[in-house]
Amino acid sequence: MHCSISGEVPEQPVVSKKSGLLYEKRLIERHISEYGKCPITGEPLTMDDIVPVKTGKIVKPRTVQTASIPGMLGMFQNEWDGLMLSNFALEQQLHTARQELSHALYQNGLFILPNLKLAPFCKGFGTIESAAPPTFCKMLSFKTLEVKWLNPKVYTLVLHDAACRVIARLKKERDEARSLLAQAERQIPMSASEAVTENASVLSNGKRAAEDDDLGQPGKRARPGISASIITELTDCNATLSQQRKKRQIPPTLAPIGALERYTQLSSHPLHKTSKPGILSIDIQYSKDIIATGGVDATAVVFDRLSGQIVSTLSGHSKKVTSVKFVAEGEFFLTGSADKVVDVEAIAGVELDLLQIRLLASWSWILFSKGLNHEIMSIAIFKLVLCGAVTVRVWQGSEDGNYDCRHILKDHTSEVQAVTVHATNNYFVTASLDNTWCFYDLSSGLCMTQVADTSKTDGYTSAAFHPDGLILGTGTSEAVVKIWDVKSQANVAKFEGHVGPVTAISFSENGYFLATAAHDSVKLWDLRKLKNFRTLNLYDSDTPTNSVEFDHSGSYLGIAGSDIRVYQVGSVKADWNCIKTLPDLSGTGRATCLKFGPDANYIAVGSMDRNLRVFGLPGDEAPLES
């Protein structure tokens, strides 16, 4: 017999006179007191209708688990397992709490400041002794700040501890920059020095300075301009290359169409960080067959394809590296990025000892000390001024494979989208979203001229030199392709018809084909007639074309979007046939960049994961995985 409410054997069974149902006494009493009716039939019910049932005393049997020693041991084991799991969960919570506490403590360093040094900056707030901590915090505009009273004349300010590490690193960079500057000054001819002195002085790693009244805003300083000797050098290079191009023949070592049709993935190399995956730019140094990639993780990686080893990882940028370029002759390497630098303006106390400080905190008033390395000499307040300078870095390789930063160029005020090297290998151009492009001397890092577009576009998203070097092509965020005469810095042609930003631009080695990629399609232009003669609509409207690239012979055209496609270059009238489609194996659906290897013997591809992928004929000598 079981209770009609609980379904268990009752300890004090009772029966209803009306329904004859069996209940546990305590349960039916509680139900009648609350509802006054039978829980099963719903009829009115009182305790007078309940009759107790007399039974012998019930002894509950032991459960099966406790009826034997093995069962009890199993029960104890289950209890122990549950205890261990609970203890593990508590340890995980403790570890997480410790990490959060450690992170919070790391972000806050300890600075002890005599109040007499701070008194001149507290006008309107009373004395330091009487200033309330919230008021003092508001004056300093800190995100995380604690003011602790130590004694009547000392405050403890909890600040960003990472600033100490940054200062130490920047002091080291400053010393290196000064040594490089001294070396450069000994090497630069007197004429060049006079030209630089007349327009702007070159300081450490390409940073420029002048007298206070000549400095101006970044991107608006005086430039020496492209001199007559440079124009002569560019013209002579153009004449030489034009003559060679007339005699140009397809190299016999070029990979044939049949070989490209059989291309498959040969290797995949995880070069960049997993926390910030994505490869945005690729370049290849053909003489050494090494590949460089620029990533979202703010690093550039130089990779030896044949050995499958990373030659060097270049750190220094603080944001994504948008463009990488090798200089064909010499050991120079260029990187453009989206990082910005912060200069520090001294407003009281001491002479500024650092050229620049980049902090992870917000732009606010920060208290620093001159000579923080254990020698507190005097206190000053510095104001962080976001100067809006975006950096391009010039690196130089050494015999041991490492790359040292020779110049840090800060002439743009917005993200640098493209870097392209002139055929002389002595000059290069950078294009930025600040709607300017800069022409640089490679050896000195001097910006010879900065050309601003007066048409009020939203900036440049791509750029490339013509193979002969006197023409520069730029793509804009407003879907316009612009052709520039480098000698006069004049816009000589415009190509319209794209939809969305022009993501990539590539000149063919034959000298008269131009390929441009944008959100909508790839367009092919005839530079002789300045018109579009073919449009390749490859993907749907939601899939942009991210990259377009001619191989070095001008025989093949590579396109990267949701996959990788290789076209055989035709002519204005002849068809351009797709000879191979390679899938994007990253799983992201975004192949961002590609580059043909020497003689198109392989294709290097970057995607929005962290892997560099190499496609070629099966059986090539490169290792499959690194």
Name all residues meeting the side chain to side chain contact (heavy atoms under 4.5 Å, CB included) criterion together with Ala493; count only those two or more places apart in sequence or in a different chain, and write none if there are none. Ile483, Leu530
Evaluate the criterion side-chain hydrogen bond (donor to acceptor under 3.5 Å, both in side chains) for residue pair Asp609 and Ser607; output intermediate values, then yes/no. CA-CA 5 Å; Asp609 64 347; Ser607 302; 4.5 Å; no
Between the side chain of Ser398 and the main-chain N/O of Asn402, is any donor-acceptor distance below 3.5 Å? yes
Heavy-atom distance under 4.5 Å between the side chains of Leu280 and Val321, does that happen here? no
Indicate yes or no for a side-chain donor-acceptor contact from Asn577 to the backbone of Ile579 under 3.5 Å, with no hydrogens or angles considered. no
Side chains of Val324 and Thr293: does their closest heavy-atom pair fall under 4.5 Å? no
Determine, stepwise, if the pair Leu557 / Leu524 fulfils side chain to side chain contact (heavy atoms under 4.5 Å, CB included). CA-CA 11 Å; Leu557 177 69; Leu524 303 172; 4.0 Å; yes
If you round to the nearest 0.5 Å, how far is NE2 of His552 from NZ of Lys595? 9.5 Å
Leu612 and Ile291: side chain to side chain contact (heavy atoms under 4.5 Å, CB included), yes or no, with the steps? CA-CA 9 Å; Leu612 166 69; Ile291 304 172; 4.0 Å; yes
Salt-bridged, Arg406 to Glu331, with N to O below 4.0 Å? no
Looking at side-chain heavy atoms only, is the closest gap between Tyr263 and Leu617 below 4.5 Å? yes
Starting from the C-alpha separation in whole Å, work towards a yes-or-no answer on side chain to side chain contact (heavy atoms under 4.5 Å, CB included) for Thr274 and Arg610. CA-CA 7 Å; Thr274 55; Arg610 68 192 190 110; 3.0 Å; yes
Nearest 0.5 Å, what's the OH-CG distance between Tyr567 and Leu260? 14.0 Å
Do you know which two heavy atoms are closest between Phe550 and Ala515, and how far apart they sit? CE1-CB, 3.5 Å
Count the heavy atoms belonging to other residues, nucleotides or ligands that lie under 6.0 Å from NZ of Lys325, then report whether that count exceeds 12. yes
Sequence neighbours left out, cut at 3.5 Å: what donor-acceptor pairs do the side chains of residues 416-425 make with other protein atoms?
from	atom 1	to	atom 2	distance (Å)
Gln417	NE2	Glu415	OE2	2.3
Thr420	OG1	Phe465	N	3.1
His422	ND1	Thr424	N	3.0
His422	ND1	Thr424	OG1	3.0
His422	NE2	Gly469	O	2.8
Thr424	OG1	Asn426	N	3.3
Asn425	OD1	Ala328	N	3.4

I'd like to know if Arg223 pairs up with Asp411 as an ion pair, taking the criterion as any Lys NZ or Arg NE/NH1/NH2 lying under 4.0 Å from an Asp or Glu carboxylate oxygen. yes
Which atoms form the tightest heavy-atom contact between Phe513 and Ser571, and what is the distance? CZ-CA, 4.0 Å
Distance check, rounded to the nearest 0.5 Å: Asp468 atom CG versus Thr240 atom OG1? 10.0 Å
Spacing of CG belonging to Leu536 relative to NZ belonging to Lys523, to within rounding of 0.5 Å: 9.5 Å
Give a yes or no on whether a salt bridge exists between Arg590 and Asp584, defined as a side-chain N under 4.0 angstrom from a carboxylate O. no
Evaluate Phe439 against Trp484 for ring pair (Phe, Tyr, Trp, His ring centres under 6.0 Å), listing each step before the verdict. CA-CA 12 Å; Phe439 185 92; Trp484 301 82; over 10 Å; no
Quick one: sort the Tyr440 and Phe428 rings into parallel, tilted or perpendicular, breaks at 30° and 60°. parallel
Going by the side chain to side chain donor-acceptor pair (under 3.5 Å) test, name the single residue among Thr545, Thr535, Thr516 that passes it with His498. Thr516
His466 vs Leu527, side chain to side chain contact (heavy atoms under 4.5 Å, CB included): CA-CA, chis, key distance, verdict: CA-CA 11 Å; His466 185 274; Leu527 298 177; 3.9 Å; yes
Could you tell me which non-hydrogen atom of Gly500 sits nearest to which non-hydrogen atom of Ala518, and how far apart they are? O-CB, 4.0 Å
Short side-chain to backbone donor-acceptor contact, Ser337 and Lys319, under 3.5 Å: no
Measure the spacing between NZ of Lys494 and OG1 of Thr474 and express it to the nearest 0.5 Å. 10.0 Å
Show the nearest heavy-atom pair for residues Trp437 and His412, with the distance to one decimal. CA-CE1, 4.2 Å
Heavy-atom donor-acceptor pair, Tyr403 side chain to Val394 backbone, under 3.5 Å: no
Considering non-hydrogen atoms only, spot the tightest contact between Ala560 and Tyr539 and give its length. C-OH, 4.1 Å
Quick one: CZ on Arg393 to CG on Asp339, what's the gap to the nearest 0.5 Å? 7.0 Å
Is it true that a side-chain atom of Thr461 and a backbone atom of Gly475 form a donor plus acceptor pair closer than 3.5 Å? yes
Can you tell me if Asp297 uses its side chain to pair, donor with acceptor, with the backbone of Lys273 under 3.5 Å? yes
Would you check if Cys447 and Leu409 make a side-chain contact, meaning some heavy-atom pair closer than 4.5 Å? no
